[in-house]
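Remarks on the structure that follows.
Numbers for residues simply follow the sequence, beginning at 1. Quantities reported herein were computed from a predicted structural model and do not represent experimental measurements.
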Amino acid sequence: MELNEKQIRLCEENTEDFSDLKALFINCTLKKSPQTSNTRGLMDVAKAIMEKNEVEVEVVRAVDYDIAPGVWPDMTKKGLEKDDWPQIFEKVMVADILILGTPIWLGEKSSVCQRVIERLYGQSGELNDKGQYAYYGRAGGCIVTGNEDGIKHCGMGILYSLQHLGFTIPPQADAGWIGEAGPGPSYLDDNSGGPENDFTQRNTTFMTWNLMHLAKLLKENDGITAYGNQRSAWDAGCSFDHPNPEYR
């Protein structure tokens with residue numbers, strides 16, 4: 001992915017060290033590989049910025065996996081024949097940054113994106129080693145593409161879901177591109193204007209840097225401070241004002 005002059009200069013002049021960060025992009029396109037994904041096209045801008053700053057990046061195209069419906073960690077234990085979600089969940093849990101990418105269909109995020117959120121929700125009640133919910137200490141964002149209205153609507157739903165599950169959302173954590181309302185060129189189509197669109201490129205750049213900055217802060221602080229937010233302590237009836245070694 002080729003970055004524009006402004007994006008390259010920001011990377012070259014950066015003095016922050018992001019080399020210990022890991023980012024996971026989950027592309028929720030409806031198109032299986034190797035079909036061209038316009039959502040992937042815009043995600044690649046954020047990916048390129050991160051990689052130029054030595055962030056370890058992985059991209060998963062969710063539709064290439066057999067992600068079963070449901071809200072249990074492994075739906076094969078609930079009678080379904082196959083479920084690839086557990087291997088994706090492992091990738092989520094080693095990442096400091098999660099970005100969900102989705103196309104717009106009828107003004108909404110894709111059904112694939114909704115299923116990914118549902119599966120994330122299924123394990124949001126698990127706890128980390130500090131007794132907080134499992135996704136605490138991770139930064140979340142989203143990228144939306146299409147050729148109809150709905151970027152802000154989709155971003156609103158995705159980012160609300162991520163923060164509700166425990167991810168931390170930085171400022172301006174959504175970015176997207178749509179052409180003119182109605183049928184028209186998609187992001188990667190010839191002469192679409194998407195890769196040259198200053199508004200889209202600016203928002204994608206700001207989102208990416210904000211995610212890296214926040215993830216770095218969270219990592220340096222060992223996540224969210226564990227006080228007043230520990231499910232283990234709450235369930236045990238402990239006073240948060242009087243540490244109990246059993247629930248540290």
Give the cluster check for Val59 versus Leu211: same hydrophobic cluster or not, with ILVMFWY residues linked at side-chain heavy-atom distances below 4.5 Å. yes
Could you give the distance from CD (Glu56) to OG (Ser19), rounded to the nearest 0.5 Å? 10.5 Å
Rounded distance [0.5 Å steps], CD1 in Ile117 versus OG in Ser161: 4.5 Å
Could you check Ser124 against Tyr135 for side-chain contact (heavy atoms from CB on, under 4.5 Å), going step by step and ending with a plain yes or no? CA-CA 7 Å; Ser124 61; Tyr135 302 130; 3.8 Å; yes
Gap separating the CG atom of Asp44 from the CE atom of Met50, nearest 0.5 angstrom: 12.0 Å
Nearest heavy-atom contact between Ala46 and Met207 is CB-CE, 4.0 Å
Where Ser186 and Ser192 come nearest, the two heavy atoms and their spacing: O-CB, 3.1 Å
Quick one: do Lys109 and Gln114 satisfy side chain to side chain donor-acceptor pair (under 3.5 Å)? Show the steps, please. CA-CA 7 Å; Lys109 57 186 174 293; Gln114 185 61 40; 3.2 Å; yes
Quick check: does any side chain N or O of Lys6 sit under 3.5 Å from a backbone N or O of Arg202, one acting as donor and the other as acceptor? no
Identify, with sequence neighbours excluded, every residue that meets ring-ring contact (aromatic ring centres under 6.0 Å, His included) alongside His164. Tyr160
Considering non-hydrogen atoms only, spot the tightest contact between Lys52 and Cys11 and give its length. CB-SG, 4.0 Å
Verdict with supporting geometry, Cys113 and Val116, side-chain contact (heavy atoms from CB on, under 4.5 Å): CA-CA 5 Å; Cys113 188; Val116 167; 5.6 Å; no
Sidechain-backbone polar pair: Arg119 side chain, Pro73 backbone, donor-acceptor under 3.5 Å: yes
Nearest 0.5 angstrom please: Ile97 CD1 to Lys22 NZ, how far? 12.5 Å
With a 4.5 Å cut-off on side-chain heavy-atom distances among I, L, V, M, F, W and Y, is there a chain of contacts connecting Phe206 to Ile158? no
Residues, nucleotides or ligands: over 12 heavy atoms within 6.0 Å of Gln87 CD: yes
Counting neighbours of CD on Glu196 that are heavy atoms of other residues, nucleotides or ligands and sit closer than 6.0 Å, is the number greater than 12? yes
Could you pull out all residues at least two apart from Phe25 that satisfy ring-ring contact (aromatic ring centres under 6.0 Å, His included)? none
Is any side-chain heavy atom of Asn53 closer than 4.5 Å to one of Asn14? yes
Could you check if a side-chain atom of Ile26 sits within less than 4.5 angstrom of a side-chain atom of Lys91, using non-hydrogen atoms only? no
Is a side-chain donor or acceptor of Lys130 paired with a backbone partner of Asp222 at a separation under 3.5 angstrom? yes
Looking only at heavy atoms, which two atoms of Leu120 and Leu162 are closest? And how far apart? CD1-CD2, 4.2 Å
Look at the side chain of Asp84 and the backbone N and O of Asp66, then say whether any donor-acceptor pair between them is shorter than 3.5 Å. yes
Would you find more than 12 non-hydrogen atoms of other residues, nucleotides or ligands less than 6.0 Å from Asn221 atom CG? yes
Side-chain contact, heavy-atom cut-off 4.5 Å: Asp174 with Val144? no
Could you tell me whether Lys77 and Asp83 make a salt bridge, using a distance below 4.0 angstrom between a side-chain N and a carboxylate O? no
Is there a donor-acceptor pair under 3.5 Å between the side chain of Asn210 and the backbone N or O of Pro170? no
Among Thr200, Thr29, Thr39, exactly one meets side-chain hydrogen bond (donor to acceptor under 3.5 Å, both in side chains) together with Thr145. Which residue is that? Thr39
Are the side chains of Val92 and Gln123 in touch, meaning some heavy atoms are under 4.5 Å apart? no
Once you measure the plane-to-plane angle for Phe18 and Trp209, does it fall in the parallel (<30°), tilted (30-60°) or perpendicular (>60°) bin? perpendicular
How close do Cys28 and Pro103 get, heavy atom to heavy atom, and via which atoms? O-CD, 3.5 Å
What about Ile88 and Ile143, same hydrophobic cluster or not, with Ile/Leu/Val/Met/Phe/Trp/Tyr joined at side-chain heavy-atom distances under 4.5 Å? no
Looking only at non-hydrogen atoms, find the nearest pair between Ser33 and Asp64 and report the distance. OG-OD2, 2.5 Å
Nearest 0.5 Å please: distance from the CD atom of Gln172 over to the CG atom of Leu159. 12.0 Å
Please tell me if the side chains of Leu30 and Val112 come closer than 4.5 Å, counting only heavy atoms from C-beta onward. yes
Transitive ILVMFWY side-chain link Leu24 to Tyr121, under 4.5 Å: yes
Heavy-atom side-chain contact between Arg138 and Met93 under 4.5 Å: yes
So, do Asn4 and Gln7 sit near enough that their side-chain heavy atoms are less than 4.5 Å apart? yes
Nearest-0.5 Å distance that lies between atom CG in Leu42 and atom OH in Tyr187: 5.0 Å
Are Leu218 and Leu21 in one and the same hydrophobic cluster, where Ile, Leu, Val, Met, Phe, Trp and Tyr link if side-chain heavy atoms are under 4.5 Å apart? no
What I'd like to find out is whether the side chain of Asn147 reaches to under 4.5 Å of the side chain of Asn38, using heavy atoms alone. no
